[in-house]
Amino acid sequence: MALRRFDLEAGGDTFAFKPETEEKIAFWRGKYPADKQRSAVIPMLWLAQKDNNGWLSEPAMREVADRLEMPYIRVYEVATFYTMFRLQPVGKFHVQLCGTTPCQLRGAEKLKEVCQKEIGDIMYVTDDGRLSWEEVECLGACVNAPMVQINDDYYEDLTPESLSQILGKLKNGVEVQPGPQIDRVNSAPEGGATTLTDPSLFDGSKNSISTLPNLPSATPAEAEAAGKPDAAPPTNTKREEPTAGKTTLIDGKKKDGEE
Amino acid sequence: MSDLFKINIDGKEIEVPKSYTLMQACEEAGAEIPRFCYHERLSVAGNCRMCLVEWEGAPKPIASCAQNVGDMRPNRDGSAPNIRTKGPYVEKARNGVMEFLLINHPLDCPICDQGGECDLQDQAVAYGRAGSRYEENKRAVEDKNMGPLVKTIMTRCIQCTRCVRFVAEVGGVEEIGMISRGESAEITTYLEKNLTSELSGNVIDLCPVGALTSKPYAFNARPWELRKTSSIDVMDAMGASIRVDAKGDGVMRIMPEVHEDINEEWLSDKSRFVWDGLARQRLDKPYVRVDGRLKPATWAEAFAAVNTALSKPAERIGVVAGDLIEVEQAKAALDLFRSLGVQNTDCRPAGAKYGTDGVREHYILNPTLAGVEEADALLLVGVNPRVEAAVWNARIRKTWLWADLKVALVGEAADLTYDYTHLGNSADALAKAETAEFLKGAKRPMIVLGEGALLHEEGDAVLAAAIKLANETGAIADDWAGFGVLHNAAGRVGALDVGFVPVEGGRATADILGGGMETIVLLGADEVDLSKTSAATVIYVGSHGDAGASRADIILPAATYTEMAATFVNTEGRVQVTSKAVQPKGEAREGWAIFRALSDVMGKTLPYDTVDALREGLRENEVFAGIGYAPGAAGAEALKAVPEAAGSLSSAPFKPVIGDFYLTNPIARASKTMAECSALATALDTPVAAE
C-alpha cells in the first residue's frame, strides 16, 4: 500500500457540507449521546467525502473534526486507517478494481491492463476529470468475478472488452447498466439455472414421498436385499425411528410458507 | 470479598491487591518483565507484546501488562494460579516477539543517539536471537518534523505509542498520533506541525528506541562518556530533580530524575533544553566601566571599584536579588550589606507583596505540589501553572483526569489543558459568593496564589482575602493546609527565608530602581526596569551578560546552578541542594565567595571561610535545618490567623507574570534552543498551544 497523504494543493483551503447533507449529519450524530459525539466520525467523514467529489480533502477532514470537537490528529488517524477514505482527488467515476484471489483467477489482471491503458496509473485522474482507478481488496462479489465497483455500483462478470466498453461509455457520458455484464440474473448461473430444474419439484407432486431414500432401512432383510452391509446406520442412532407416512421433510406448503 | 488475590509466581506464592496488573504482581514477586509499550505513568496499550508470561492452563502466553490480577481465576483445585516468568515457553514467546520487532528495525546502532541507553538494544541482547533470519527488504519510514526539540528517525520506530499517549494524557495536547495501519503505520504530528506542549521533551525519554531523540543533543556525546551529576533544576520554583550530564567542562544535556513529590519523572522543555545557555553569553571575568565602556578587570580592581561605590551613605545604596539567587549568596550578601547598614534590600524584583510579615506560611505552597492529588477543588488565583510550573500543571491535569478534581481560575483565561470554571479576572472575584460556593462543597479545597495576584498595590489585601477565604471554606484544617503561593523563580523562597526584604523603612525594588540611589547592586536581577538608574553606579553580580550586565558599571562574574553546590528552596519550602557538575566559567566564582572576599576588602570580614561554615550559620534558622523536607500541613496552624490588610479588592485585571515561557531568565535567554522555541511559539497566535 502506498503512502497515504493528503493532496493539500488540490484540497484548497475550504470545505462546506452541502445543505442537503445536514439532515444526514443530524441523523448520524443523533445516534450518539452528547459526550460521545466523536463516535460519529466515520459516517461524518464518509458524508464529507461524498460532498467533496468522492475524496476527503484536508479542509473537509478539519470540518469534521471541528464539528465533533476532536483534535485533528485523532480524525487524521481514522482517515488514514481506512483506505476507503481517499486522500487524493478521484475522477467523477472512480473505479475500484477487485484484485483479490477469486477475481485474479478469473482475469482481474487483464482488467488492470485495461484500466492502465484507458485511464493511466493508479489514482491518476484523466485530464477531463471523469475517470480514475485503484486496486482494492475483495469486494465480496466473488461469484461474479471479476468485477469492479464504480462509485456506488458493482459491475460484474467483466471481460477486458466489456470493461473497456463501460469505461468508454462513462467517459462519453453514456448511461451504463450496473450489475452482471453477461447474460445472468444477479448471481444465478450463467445461461440459466442448471440445478433444481425439474418442474415437478415445485408443483407439489413430490409431497407423496413418505420415506427418504437415505434413511436407515426399515428391516435388515431389506438392506440385505439391497446389497448393503449389515452395519450400524451412518446417521444419528438416537433419533426416533421415523413413523411411516409422517416423514415429509420436503413439504411444499411449509417451504413456501417459510419463504 | 478480600481485595487481595493469591498468585503463584515462579513458585513463590504472594498476595497482591486485585487492582494490580499481572506485571505489577510479577515485579512484586521480584521477577523482571521486559516491556516497551508499558509505562507506569501512562495508560496501558498492550501492543508491544514483550511482557508475555506463562499462565499455567491458559492456551496462550499472557501479556502481563494488560492482564488484571482481579480478572484471574484460581486453579480448579482452588490453589493460586501458577505464573511463570522464566523457562523455555516464555523465552520462546519473547524471542519471537523480539524477532518481529527487529524485522523492520534498522541496524544503525553505531550512528544512533540512543545507542548505549536503548531499551531495544538491551532487550535484544537479553531476549533476542543471535542472528537474523529475515532476508526481505526492511521497511523505511519518512522522518517527521516535530519541532526544534525532538528529532525523529522514524524508521527506528517500533510503534509502542508511548509518545502518543504521553502528549495526550500528560501533556494534554493531542498532537501526536499513529496514522495509516499495518506496515504503513507511522507516528507523526498532524501534518508534521511542531509540538506545542511545554513538556514535549519527555517523549525523548519515553521513546524506548532511537526514533525520537533530542535535537539539540544530536551526535554530541555517548551516554557512557558523560559524567552524571544529580542536581536540582532552577528554571522554575518547583526545584525538579535533574541529572546533569557533562563532558569535559561543558554540560551536554539535562535529564529528569524521579522525585515523586515534585516532578514525578517529567521535566519541562525549558529545564531540559536550557543547557546550551550555560555556555553562551557568560560573564567569565570581572568588568569595570571606564569612560563609558566596560573593560575587563582583575578581581582586585573590581573590588576596589565596588568598595568605592559602596562607601556611599547606606540609605543611598539599594540591593535587588534576582530570580536565580541561591541561598548562600543571598545570606552572604545580606550579612555584608546589613553590616554596612543597608536597609534597601529586596528579593522581589517584580514587586509582589509577600515575605514582609514574617510568616513563612504566607509565601510558600503549603498544600505541597503532590498535595494537589489529595485535593478535590483547586482555586487558582492570578496564576497560569502551565507556564509558571509546567510539570505541576501536568499533575493537576492528571488529578483532574483520573480523580475528582474541580478547578476554578481567577485570572487571565488560558488553555491549561484541563477544564476549569473561570470565576473572574480580578481580585474582587475572591469575594464573590460563587467563589466560596466552589470551595465549600469540597473535602480538601486548595487555594493557590500566583505572583500575578500579589503584584498589585493591594497585594496584601489579596493575600489576606485568600487566607480568609481558605479559613472560611475549610481549606485550613488540622491535617490540611489548603493555601499556598506558587512562585515562578527558584531563588525567591530561599531569599525570603533568609530575610532578603527591606527592613526598618528600607525601600522595595520599585523605589530602589526608581531613582534616588547612588549605588545599586543587582544580584542576577535582569527582569527589572533599569531605565531610571542612570544616576546610580550599578554593580551586577551574575552569570550571564543580560540586561543587568549591559547596564552595569561593575560586573562581578558568578557561577550558575550547575557549577556549584548551592541551596535552593522550592515553592513548597523544601530545601534542596544542587551539585557541582562542571567548573565555573573563567574567573567566575560562587556567589557567597564573592561577598566573602568583598567583605575582606571592605574591612567587614564575614565570619565564615567555607561554604560549610556559612551553612552552619544558616541552620540556626530552623527552615534550613533539614534538607528535602516540605512542611506541608504543618503550616496549617499558622494559617488560622488571618492577616490584617489595608486596601480593598479591586476590579483591575490580573496580568500574566510570564510573557514568554521559554525566556524567563538570563540562562534561558542565552540559549539558542530556547530562542528558537520562543520564536516558533510566538509565531502561533497564542504563546502555548492553540486549540
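Since we're looking at a predicted model, the values are computed, not measured. Proteins get letters first, then strands, A, B, ... in listed order; numbering begins at 1 in each.
With chain A as the partner, the residue from V141(B), V164(B), I176(B) showing the most heavy-atom pairs under 4.5 Å is I176(B). Interface check for chain A: of the options E186(B), E183(B), K193(B), the most heavy-atom pairs under 4.5 Å are formed by E186(B).
More than 12 heavy atoms of other shown residues, nucleotides or ligands fall within 6.0 angstrom of atom CD in E20(A). The number of heavy atoms from other shown groups lying within 6.0 Å of CG (N186(A)) does not exceed 12. Summarising the local packing, OH of Y134(B) is surrounded by more than 12 heavy atoms from other residues, nucleotides or ligands at distances under 6.0 Å. Under a cut-off of 6.0 angstrom, the local environment of NZ in K110(A) is sparse, with at most 12 non-hydrogen atoms contributed by other residues, nucleotides or ligands. Atom CG of N172(A) is surrounded by more than 12 heavy atoms from other residues, nucleotides or ligands within 6.0 Å. Heavy atoms from other residues, nucleotides or ligands lying under 6.0 Å from OH of Y82(A) number 12 at most. Heavy atoms of other residues, nucleotides or ligands lying less than 6.0 angstrom from CZ of R86(A) number more than 12.
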>> Apply salt bridge (Lys or Arg N to Asp or Glu O under 4.0 Å) to residues R5(A) and E192(B) and explain how you reach the verdict.
In response: CA-CA 11 Å; R5(A) 299 276 193 270; E192(B) 305 201 26; 5.4 Å; no

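The parts of L191(B) that come within reach of chain A are both its backbone and its side chain, each placing non-hydrogen atoms under 4.5 angstrom from that chain. For A168(B), the part lying near chain A is the side chain, with the backbone staying farther off; criterion is any non-hydrogen pair under 4.5 Å.
For residues 149-157 of chain A, an interface with chain B (any heavy-atom pair closer than 4.5 Å) does not exist.
M178(B) is not listed as a side-chain neighbour of T80(A), based on a closest heavy-atom distance of 4.5 Å or more.
The two residues R181(B) and T83(A) come nearest to each other via the heavy atoms NH2-OG1, 4.1 Å. Contact between R4(A) and S180(B) at its shortest, heavy atoms only, is CB-OG, 4.4 Å.
Among residues at least two apart or in separate chains, ring-ring contact (aromatic ring centres under 6.0 Å, His included) pairs with a member in residues 165-212 of chain B are Y72(A)-Y190(B), Y76(A)-Y190(B), F166(B)-W266(B).
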